[in-house]
Amino acid sequence: MRTLTLTALTGLALTLGGCVLDGGNPVREAAKAAGIAPPPATAPDFVARSRREGEDFLPVGVSAPPRPIRAKSAAGVKDLEADLDASRQRNEARGRDAAKVGGTTQAR
């Protein structure tokens with residue numbers, strides 16, 4: 001008799017466990033049907049304003065849409081590197097000038 005009860009309880013637990021893994025919660029659904037479940041929480045106003053309309057999480061296996069911005073070409077990368085190098089050289093020259101001025105001050 002005891003093994004029959006344990007077997008039945010194990011079968012019930014596995015069945016209900018399968019329902020939970022399937023995304024449903026039988027206790028929650030029963031509470032909703034009975035009208036005793038609390039109302040779903042609403043997002044705060046600043047959160048609701050920051051969300052995009054109609055967008056949701058992508059399902060598994062679906063690729064994200066292509067991005068509208070493409071990577072720079074090789075020539076664009078070289079131009080950017082040249083601009084950054086020129087900016088670095090200007091900043092280093094200004095730093096040397098500031099160091100010279102800072103070194104010539106006299107204490108009173």
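Computed over heavy atoms, backbone and side chain alike; hydrogens, waters and symmetry mates excluded.
Taking NZ from K32 and CD from E29, the interatomic distance works out to 5.0 Å, rounded to the nearest 0.5 Å. Expressed to the nearest 0.5 Å, how far CG of D83 lies from CZ of R88 amounts to 13.0 Å.
Checked against side-chain contact (heavy atoms from CB on, under 4.5 Å), L84 has the following partners two or more places apart in sequence or in another chain: L80.
Contact between A48 and A43 at its shortest, heavy atoms only, is N-CB, 4.5 Å. Contact record, T3 with T7: O-OG1, 2.6 Å, taken as the closest heavy-atom pair.
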